[in-house]
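In what follows, a single structure is set out as structure tokens and then discussed.
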2 protein chains.
Amino acid sequence: MASIMKAPRSARVDCETCQARVDGLCSGYSDSTVEFISGYRTNDRHLKAGQDLLNLGEPCDAIFNLVDGWMFRYTILADGRRQILDFALPGAVLGFHSPLGATISFGAQALTDAVVCVIPHNALGHLSQRQPDLGLRLALLMARERSLSFDHLTSVGRRSAHERIARLLLELFVRSRAGWPGYQIEEMHLPVTQEHIGDATGLTGVHVNRVLRDLGKEGILKFSYRRLSILEPDKLMDLAGIDQELLQSWTGSGRSEARAQGDLAGGCRQAA
Amino acid sequence: MASIMKAPRSARVDCETCQARVDGLCSGYSDSTVEFISGYRTNDRHLKAGQDLLNLGEPCDAIFNLVDGWMFRYTILADGRRQILDFALPGAVLGFHSPLGATISFGAQALTDAVVCVIPHNALGHLSQRQPDLGLRLALLMARERSLSFDHLTSVGRRSAHERIARLLLELFVRSRAGWPGYQIEEMHLPVTQEHIGDATGLTGVHVNRVLRDLGKEGILKFSYRRLSILEPDKLMDLAGIDQELLQSWTGSGRSEARAQGDLAGGCRQAA
DNA sequence: CGCGCAGTTGACAATAATCAACGTAAGTGG
DNA sequence: CCACTTACGTTGATTATTGTCAACTGCGCG
């Protein structure tokens, strides 16, 4: 798919390795087989858990495609308060902020060891010339991220602590599994602490703990030391106020969405 | 700029009127002269204050460019709680959500009488073929909206009621004036109620009122019956925790951003 | 001039933060 | 394998912030 050709311009050096990675953008989740096809990936960065991808206040001239691992985006206020903006799973695009050469205002930190593919901003122009749909696909991805952000805003602004936490855990479960637990007890490793949950939901770590105790007592779920057990999926879904359609938008598996992606990916392959 | 040519396909009928409007997308604020150039705009919708543009739960096959007036996006929870997601000023793009034909999950309501230009989704594909940069410009616009949403999330999650309200009023002032008040007393008409402010900041209308009373007592600002007076701009800026750079990202007047838009707009005009 | 919506105020309740102490699991070097 | 270290989690007492309810006021508009 990614044919090898000499690069006539310096910016093109990165294009070939990036091409395959960019191909995965619109799906929202990267296809691991692409890595083998594209051969050696020279532009990858490997992060250890807890390490930052971007340093706040520095300019940023690239976007990043998360290949492996979990990360999260955050803001730090002057007095140290932290707000986690969202959690990034493989396939996410990080560092695409409006002003191209401007200093960034959001950090991105690895929750687990992680690998990101670096796509310089100037390569984007070349890529989008060869692949006319790239821009619209990126726009769609950004729009989806914005919708997710709207969702979080609604949670933090108008839902109770119980609802917010139930919702967040459910979201992370569904997004990482790319599916709804169904109606059986489910268990998984979630690489976040209660402090992370607090910073994502606008609560204190201490209060998160109390709410988790409540949810445990009610037999809905258990979470401690990065291990989540969903004991009563239906009760959890009820508490979180989730409907089926929303679940689909998280996984990108909705019927209409699949159709839309099909269109775009189709046009994409024609162009290549 | 928008040359007239026969439309070979039905979707093209809308293209000509939309073309000019779409040209304004990347600026973030529409250029009113464009209206005259494009001649009669057949696809406009006129809304009265309080009227909804989108009905929650219905499918949506178009995007909208707000030409005139103020609007806001919102969510309603099952029990009636409302969260205002953002305020839209002329130039904003509404209704661009991920699944193309899916039912929408966010409402959009007019605060004043308003005019929007309707751009059917299928026209987007045609337009972006003739105007290859359109996608990237849209992506940039979406990314900027996401950043704004991240900002609101941080406010609601981690700032006090006073900070949130100060920040929101300052944001609306700066965005609508496209500039910072400077250091003199400023006054303006803000077409929102205290209830709106509450729903945008995750507070109650009652509590917003108390905070506004505090801010009035301290001589920082006054707001009542849709009239905002900023009495001490520097104190307000301090309370809101705003830095100069953020102001620029709101107005889109930052140096690096202007450069980026120049690049894009330039490529855009070449294509036309 | 009277109706309605927006704003204002007070008393009270609920939710969540803060502070501080202690418990417990995971990781490390000897 | 152990003691040691550290980060994470747990709990109670107390305070602060914000919400709820309800009554009342004032502005604007036909």
Side-chain angles (χ1 to χ4, degrees), chain A residues 48-51 72 77 79-84 109-113 155-169 189-217 221-229 239, chain B residues 48-51 72 77 79-84 109 111-113 155-166 168-169 189-217 221-229 239:
Chain A
K48 278 180 290 191
Q51 200 180 343
F72 66 94
L77 301 190
D79 60 357
R81 288 173 289 183
R82 180 176 71 172
Q83 176 69 42
I84 291 182
Q109 190 173 100
L111 285 166
T112 64
D113 291 353
S155 274
V156 173
R158 285 293 181 234
R159 291 182 203 275
S160 72
H162 284 73
E163 288 173 303
R164 291 183 226 175
I165 292 173
R167 221 180 148 81
L168 176 63
L169 292 177
H189 175 78
L190 258 194
V192 299
T193 66
Q194 296 183 0
E195 192 85 25
H196 286 126
I197 296 176
D199 283 344
T201 52
L203 300 166
T204 316
V206 174
H207 196 66
V208 169
N209 182 275
R210 286 189 235 276
V211 171
L212 287 174
R213 174 163 44 70
D214 286 355
L215 295 177
K217 268 186 196 158
L221 62 79
K222 296 201 180 304
F223 178 84
S224 195
Y225 291 99
R226 300 181 168 81
R227 178 138 290 277
L228 169 68
S229 304
L239 176 57
Chain B
K48 279 178 292 190
Q51 200 181 341
F72 66 93
L77 301 189
D79 61 358
R81 288 174 288 184
R82 179 176 72 172
Q83 176 68 42
I84 290 183
Q109 190 173 99
L111 284 166
T112 64
D113 292 353
S155 275
V156 174
R158 285 293 180 235
R159 291 183 204 274
S160 72
H162 284 72
E163 290 173 302
R164 289 183 227 175
I165 291 173
L168 177 63
L169 292 178
H189 175 79
L190 259 193
V192 300
T193 66
Q194 296 184 0
E195 192 85 24
H196 286 128
I197 296 176
D199 283 344
T201 52
L203 299 166
T204 316
V206 174
H207 197 67
V208 169
N209 183 275
R210 287 189 237 276
V211 171
L212 286 176
R213 174 163 44 71
D214 287 355
L215 295 178
K217 268 186 196 157
L221 62 78
K222 297 204 179 300
F223 179 84
S224 194
Y225 291 99
R226 299 182 169 81
R227 179 139 289 276
L228 169 68
S229 304
L239 176 57

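Heavy-atom basis, side chains included; hydrogens, waters and symmetry copies ignored.
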Problem - Rounded to 10 degrees, the angle between the two terminal axes of the helix from dC1(C)-dG30(D) to dG30(C)-dC1(D), each from five pairs - result: 50°

Problem - Note, Ile197(A) side chain near Ile84(A) side chain (heavy atom, < 4.5 Å) - result: no

Handout entry: Side chain to side chain, Leu203(B) and Val156(B), heavy atoms closer than 4.5 Å
Key =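 Leu203(B) does not reach Val156(B) side chain to side chain.
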
Practice task
Please collect all salt bridge (charged side-chain N to carboxylate O under 4.0 Å, His left out) contacts where either partner lies in residues 198-215 of chain A, sequence neighbours excluded, each pair once.
Solution key: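 Qualifying pairs: Arg82(A)-Asp199(A), Asp199(A)-Arg158(B).
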
List for me each residue that meets side-chain hydrogen bond (donor to acceptor under 3.5 Å, both in side chains) alongside [X], sequence neighbours excluded, and say none if there are none.
X	value
Gln83(A)	none
Arg226(B)	none
Thr193(B)	His196(B)

Fill in the blank from the handout: Per-nt protein contacts along nucleotides 5-19 of chain D (heavy atom under 4.0 Å; B base, S backbone sugar-phosphate only, - none) come out as ---BSBBBB----BB

Handout entry: Which residues share a salt bridge (charged side-chain N to carboxylate O under 4.0 Å, His left out) with Glu163(A), sequence neighbours left out
Key =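 Listed in chain order: Arg81(B).
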
Handout entry: Residues forming a salt bridge (charged side-chain N to carboxylate O under 4.0 Å, His left out) with Arg164(B), sequence neighbours excluded
Key =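 For Arg164(B) there are no salt bridge (charged side-chain N to carboxylate O under 4.0 Å, His left out) partners, ignoring immediate neighbours.
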
Exercise for the section: State which residues pass side chain to side chain contact (heavy atoms under 4.5 Å, CB included) with Thr112(B); sequence neighbours excluded, sorted by chain then number. Expected result: Trp70(B), Pro191(B)

Completion exercise
CD (Gln194(A)) and OG1 (Thr201(A)) are apart, to the nearest 0.5 Å, by 11.0 Å

Exercise for the section: Tell me, please, the opening and closing nucleotides of DNA chain C, 5' to 3', among those with an atom under 4.0 angstrom from a non-hydrogen atom of chain A. Expected result: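 First-to-last contact on DNA chain C, by the 4.0 Å heavy-atom rule, is dA16(C) to dA25(C).
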
